[in-house]
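Worksheet: one structure, shown below.
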Amino acid sequence: MIVMKFGGTSVESAAAISRVAGIVRARLERQPVVVVSAMGKTTNKLLAMAAEAAGGQRERALEQMNALREYHLEEARPLVAKADGPELESLVAGHFHELEELLGGLSLMGELTPRHIDAVASYGERLSSRIVTLAFRAAGMDAVHLDSRRLIVTDRRHTQAAPIYAETYARLGAEVEPLARAGQVVVMGGFLGSTEDGVTTTLGRGGSDFTAAIVGAGIGADEIQIWTDVDGMMTADPNSVPEAHRLKVLSFSEAAELAYFGAKVLHPATVWPAVEKNIPVLILNSRKPLAPGTRIIREAVACANPVKSIACKKNITVVDIRSTRMLMAHGFLARIFAVFDRYETAVDMVSTSEVSVSATIDSTRRLAEIRAELEQIAEVSVLDHCAIVCLVGDNIRYTPGIGARVFPALGTVNALMISQGGSQWNLSVLVKEADVLQAVRALHAEFFRDLDPAVFE
Ligand code: ADP
Ligand code: ASP
Ligand code: MG
């Protein structure tokens, strides 16, 4: 069995979904289970109309909703067999009718809670997964749709829910695995789940990759395939660095680090279930189905290059904590980090000097409270619009002098902080957001001049 996940661009149109049907049909002997994202930019559009409705712009929200319904119908109609036409029309009408009610409710209440955001956002994958199922049937496959909300059980952290693994794996093993083994193609929506009492949740933006990995681990798949719009994991985001190269192979820990530091091609949590069950993850291009992609496996392959890829994470805020009295005092750092911890705010980079500690955070949701608490023990200043540029590679830890190559390469870009990550396979540089593109391009030129053919294309 394999899991095949297709992202938004891979299912954005009738033509794209037909390509997907061809890709899956060519792999039926591997007993695929298919996970799909919402079509195209549907999730963004759903979130926008929820905000319009809650902000009192009901008519605007409904206009956007009608356009989204037309888009779904227009792309889906040519894909579906004549006999399934009425089923398509009624499922689209039914889902949009519910959505309309929901948007009406939001405009009456005038507020948008995380629970409501999840309820609205869920329609993208609920629709796409059903449409793809009908398209697969029209393409001659024995496809069956399963509602992910019955299978992926999560906690209640709406918009960022985490799976409850034992229960989820039990359900996947009991319901999905037998169908796949019997030769049926199960199609599920990514991104969605529900709490134990049945309230819809989502796993966070980009979460369909995570769904694919959870399903893969739950059914004991041989491989988790992430089909997307690029050739694989590249040495940098090819949108910013067009000359980026494909990585043939990468370790789980390198991939996790890249995903965490902004390589959007993989949701940061995707690797965990795969690591646990040691299932290879492949990143593949749905426009080039025969191309080899990137293989992510347990052990890093021997490589002459210390750096495998460069990721970057924008919207970073630096909190500078300064105290001449306290810094060297026993327990001061622990007190500082306890504050970030209490407000559930992850710290990415830290640097300390004689009298100050700087910490970077990517969520400012609780910043006011964090600041107020820290100000009771130290002086605090905050700098926003920063970015972390992160060099990742298993060999970084064995290669001296990487920092010495970073500074000349950066040239006129000011490095505000630099740290060899705790993981030892990352080296991070903090820069102003306005400098990030220049920094990534300069570092890419420095570290990817000569490429080891064992790892890079
Ligand atoms: P999908 O809709 O298939 O999930 P995403 O848009 O989430 O696709 O992820 C694919 C995008 O990730 C690519 O189009 C690319 O711009 C971006 N990306 C960022 N960093 C990298 C990287 N290192 N390698 C490949 N793609 C990357
Ligand atoms: N549709 C969701 C999003 O846009 C999940 C995904 O595509 O992975 O974030
Ligand atoms: Mg994605």
Side-chain angles (χ1 to χ4, degrees), residues 160 253-254 256-263 268 307 310-393 396-397 399-410 412-436 438-440 443:
Q160 277 305 329
S253 40
E254 290 169 325
E257 201 81 356
L258 285 167
Y260 182 78
F261 283 101
V307 178
I310 304 178
C312 61
K313 198 169 171 182
K314 293 185 195 160
N315 237 321
I316 297 290
T317 300
V318 187
V319 183
D320 280 312
I321 303 143
R322 174 177 279 273
S323 166
T324 41
R325 272 181 311 123
M326 295 292 287
L327 189 66
M328 301 307 287
H330 170 77
F332 186 67
L333 284 178
R335 281 176 70 189
I336 289 177
F337 288 109
V339 175
F340 288 103
D341 191 42
R342 203 151 40 244
Y343 295 104
E344 293 177 344
T345 297
V347 170
D348 289 332
M349 282 175 82
V350 182
S351 85
T352 59
S353 77
E354 190 84 5
V355 292
S356 71
V357 182
S358 301
T360 71
I361 56 177
D362 68 359
S363 162
T364 49
R365 209 164 55 87
R366 314 292 298 271
L367 181 58
E369 293 149 286
I370 292 171
R371 187 172 187 156
E373 270 206 40
L374 289 173
E375 277 173 345
Q376 293 171 14
I377 50 176
E379 280 169 43
V380 179
S381 62
V382 168
L383 178 68
D384 52 15
H385 296 302
C386 292
I388 295 175
V389 177
C390 183
L391 309 180
V392 173
I396 288 181
R397 61 179 141 174
T399 315
I402 293 191
R405 288 171 69 186
V406 167
F407 285 107
L410 284 175
T412 54
V413 173
N414 190 14
L416 303 168
M417 261 165 93
I418 180 160
S419 89
Q420 175 129 4
S423 68
Q424 298 183 35
W425 46 83
N426 109 32
L427 188 141
S428 302
V429 187
L430 186 79
V431 299
K432 294 293 288 177
E433 218 168 68
D435 289 336
V436 72
Q438 192 187 340
V440 169
L443 291 169

side-chain hydrogen bond (donor to acceptor under 3.5 Å, both in side chains) with Ser358: which residues, sequence neighbours excluded?
Asp320
Let me confirm one number: the SG-CG distance from Cys390 to Leu430, rounded to the nearest 0.5 Å.
11.5 Å
Going by the rule side-chain contact (heavy atoms from CB on, under 4.5 Å), which residues pair with Ala387 if we only count those two or more places apart in sequence or in a different chain?
Lys314, Val431, Glu433, Val436
Just wondering, do Leu391 and Val406 contact through their side chains at under 4.5 Å, heavy atoms?
yes
Can you pull out every salt bridge (charged side-chain N to carboxylate O under 4.0 Å, His left out) where at least one residue sits in residues 380-390? Sequence neighbours excluded, please.
none
Would you say the side chain of Leu443 lies within less than 4.5 Å of the side chain of Val307, judging by non-hydrogen atoms?
no
Please test Ile388 against Met417 for side-chain contact (heavy atoms from CB on, under 4.5 Å), starting from the C-alpha separation and ending with a verdict.
CA-CA 9 Å; Ile388 295 175; Met417 261 165 93; over 6 Å; no
Nearest heavy-atom neighbours spanning Arg335 and Ile377
NH2-CG2, 2.7 Å
Checking the side chain of Ser419 only, and the main-chain atoms of Met349 only, is there a donor and an acceptor separated by less than 3.5 Å?
no
With sequence neighbours excluded, tell me which residues meet side-chain hydrogen bond (donor to acceptor under 3.5 Å, both in side chains) with Asp435.
none
Using a 4.5 Å cut-off on heavy atoms from C-beta on, say whether the side chain of Phe261 contacts that of Val392.
no
Could you give the distance from OH (Tyr343) to CG (Leu367), rounded to the nearest 0.5 Å?
11.5 Å
Under the criterion side-chain contact (heavy atoms from CB on, under 4.5 Å), I'd like the reasoning laid out for Ile396 against Asn426: C-alpha separation, chi angles, the key distance, then a yes or no.
CA-CA 7 Å; Ile396 288 181; Asn426 109 32; 5.6 Å; no
For Arg365, side-chain hydrogen bond (donor to acceptor under 3.5 Å, both in side chains) partners two or more places apart
none
Measure the NZ-CD distance between Lys432 and Gln438 for me, rounded to the nearest 0.5 Å.
14.5 Å
Pairwise distance CD(Glu375) to OG(Ser381) - rounded to 0.5 angstrom
9.5 Å
Test item: Asn414 and Leu416 side chains (from C-beta on) under 4.5 Å apart, heavy atoms
yes
Ala338: partners by side-chain contact (heavy atoms from CB on, under 4.5 Å), with sequence neighbours left out:
Arg342
side-chain hydrogen bond (donor to acceptor under 3.5 Å, both in side chains) partners for Glu379, two or more places apart:
none
What's the spacing between Leu427 CG and Ile418 CD1 if we round to 0.5 Å?
5.0 Å
Is there a side-chain contact between Val319 and Ile370, using heavy atoms and a 4.5 Å cut-off?
no
Working to the nearest 0.5 Å, report the span between CD of Glu257 and OG of Ser428.
7.5 Å
All salt bridge (Lys or Arg N to Asp or Glu O under 4.0 Å) counterparts of Arg366, not counting sequence neighbours:
Glu369
Neighbour count >12 (heavy atoms, 6.0 Å) for atom CZ, Arg405:
yes
Sorted by chain and number, sequence neighbours left out, side-chain contact (heavy atoms from CB on, under 4.5 Å) with Ala434 holds for none
Test log, rule side-chain contact (heavy atoms from CB on, under 4.5 Å), inputs Leu333 and Thr352
CA-CA 10 Å; Leu333 284 178; Thr352 59; 4.3 Å; yes
For residues Ala346 and Tyr260, report the shortest heavy-atom separation together with the two atoms involved.
CB-OH, 4.1 Å
Could you list the residues that satisfy side-chain contact (heavy atoms from CB on, under 4.5 Å) with Asp362, not counting sequence neighbours?
Lys313, Ile316, Asp348
If the test is side chain to side chain contact (heavy atoms under 4.5 Å, CB included), which one of Thr345, Val382, Asn315, Thr317 qualifies with Thr364?
Thr317
